[in-house]
2 protein chains.
Amino acid sequence: MRIGELSRRTGVSERLLRYYEEQGLLHPYRRPSGYREYDESDIATVSRIRTLLAAGLTTAIIAEVLPCLGEDEKHLAPICSETAEHLHRHRTQIDECIAELQTARRMLDAIITGAAREHAPTTADTTP
Amino acid sequence: MRIGELSRRTGVSERLLRYYEEQGLLHPYRRPSGYREYDESDIATVSRIRTLLAAGLTTAIIAEVLPCLGEDEKHLAPICSETAEHLHRHRTQIDECIAELQTARRMLDAIITGAAREHAPTTADTTP
DNA sequence: GTAGACTCTCACATCAATGTCAGAGTCAAC
DNA sequence: GTTGACTCTGACATTGATGTGAGAGTCTAC
């Protein structure tokens, strides 16, 4: 498919799709005309890129990490230890962030519940 | 303490500490001279800010979330229904954010595990 | 073949998180 | 009361992820 379709199907602007290619995250082949040609798997790749970007990774890191995430969870390429080091640190940060957010969530829960019931339980079970 | 000490103790530049204040994340009181005066709890706050920023949240979001991470679980103030409405929306946002981060975390996990073991289990137990 | 939609490259703009610098005021120790 | 370290505000620069627009080439359906 061409860039317009990929853009529509992923919700990511064409500008960004070109940018991701420039950063080495996507590698569409080119028609003789120069038009980019993407395949179905690129949809999943774009989705992954968005997830990792949203989690605070940079395109540089993602470029190193993406080859480790094969089409369907087959991460074929091994990564250098430096990158692994970085990933470890970032994972820890994400863990901390999740923990913070969960704390915030519990707190909100307590407030909301308390507002509804006129008092706040210390430990609220809020699992959806 | 003044800004220099907080900067040294948190490792965050004075420039950023002022920026965080500008964004509503910190609220030091001011001496008559205009000097900012921080207290001990601001160290923890700055640490939280760094964690949340590193995980991809914006200062705007953090500004809304931070008050929910109170010093010691004191959320006594009763709230109007409009505020409750807001809290509900916010809780949803936090839930989405947590879900996104968990997705990213699983992704990182797969990569790290795959790199370490040369093959990847579908569900990796990576709790430290 | 041609019109309209699509794509190309390239360049400039923006936004958030940062850094850096300048000039002026403040604090503390001597 | 003076000096050196600290702080203030304010302005400009940068970097990474984005948006936007221009001008030229390409595709497709008629």
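Heavy atoms only: backbone and side chains are in, while hydrogens, waters and symmetry mates are out.
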Under a 4.0 Å threshold between the charged nitrogen and the carboxylate oxygen, would [Y] count as salt-bridged to [X]?
{"X": "A/Arg9", "Y": "A/Glu40", "result": "yes"}
{"X": "B/Asp109", "Y": "B/Arg105", "result": "yes"}
{"X": "A/Glu14", "Y": "A/Arg18", "result": "yes"}

Exercise for the section: Name every residue in residues 7-18 of chain A that has at least one heavy atom under 4.0 Å from any atom of DNA chain D, in order of residue number, or write none if there are no such residues. Expected result: A/Ser13, A/Arg15, A/Leu16
Handout entry: Residue-level proximity of residues 20-28 of chain A to DNA chain D when a heavy atom falls under 4.0 Å
Key = A/Tyr20
Problem - Least distance between heavy atoms, B/Leu25 atom then B/Thr45 atom - result: O-CG2, 4.0 Å
Handout entry: Distance in Å, A/Thr59 OG1 paired with A/Glu22 CD, rounded so as to fall on 0.5 Å steps
Key = 9.5 Å
Nearest-Å distance, [atom1] ([X]) to [atom2] ([N])?
{"X": "B/Arg30", "N": "C/dG25", "atom1": "CZ", "atom2": "P", "result": "17 Å"}
{"X": "A/Tyr29", "N": "C/dC8", "atom1": "OH", "atom2": "P", "result": "14 Å"}
{"X": "A/Ile3", "N": "D/dT26", "atom1": "CD1", "atom2": "C1'", "result": "15 Å"}

Problem - First of B/Thr59 and B/Arg31 reached from the 5' end of DNA chain C, by closest nucleotide - result: B/Thr59
Completion exercise
Per nearest nucleotide of DNA chain C, the residue lying toward the 5' end, A/Glu5 or B/Leu57, is A/Glu5
Practice task
May I ask you to evaluate whether A/Arg36 reaches the phosphate of C/dT7, defined as a side-chain N or O under 4.0 Å from OP1 or OP2?
Solution key: no
Would you mind telling me which of [options] lies closest to the side-chain atoms of [X]?
{"X": "B/Tyr35", "options": "C/dG25, C/dT9, D/dC27", "answer": "C/dG25"}
{"X": "A/Leu53", "options": "C/dT7, D/dA17, D/dT7", "answer": "D/dA17"}
{"X": "A/Tyr19", "options": "C/dC8, C/dA17, D/dA17", "answer": "D/dA17"}
{"X": "B/Ser33", "options": "C/dT26, D/dA17, C/dA17", "answer": "C/dT26"}

Problem - Toward the 5' end of DNA chain D, by each residue's nearest nucleotide, A/Arg50 or B/Arg2 - result: B/Arg2
Test your reading of the model: is there a side-chain donor-acceptor pair from [X] to the backbone of [Y], 3.5 Å cut-off?
{"X": "A/His88", "Y": "B/Ile112", "result": "no"}
{"X": "A/Ser7", "Y": "A/Ile3", "result": "no"}
{"X": "B/Glu37", "Y": "B/Arg30", "result": "no"}

Handout entry: Close side-chain approach of A/Leu16 to A/Arg50, heavy-atom, < 4.5 Å
Key = yes
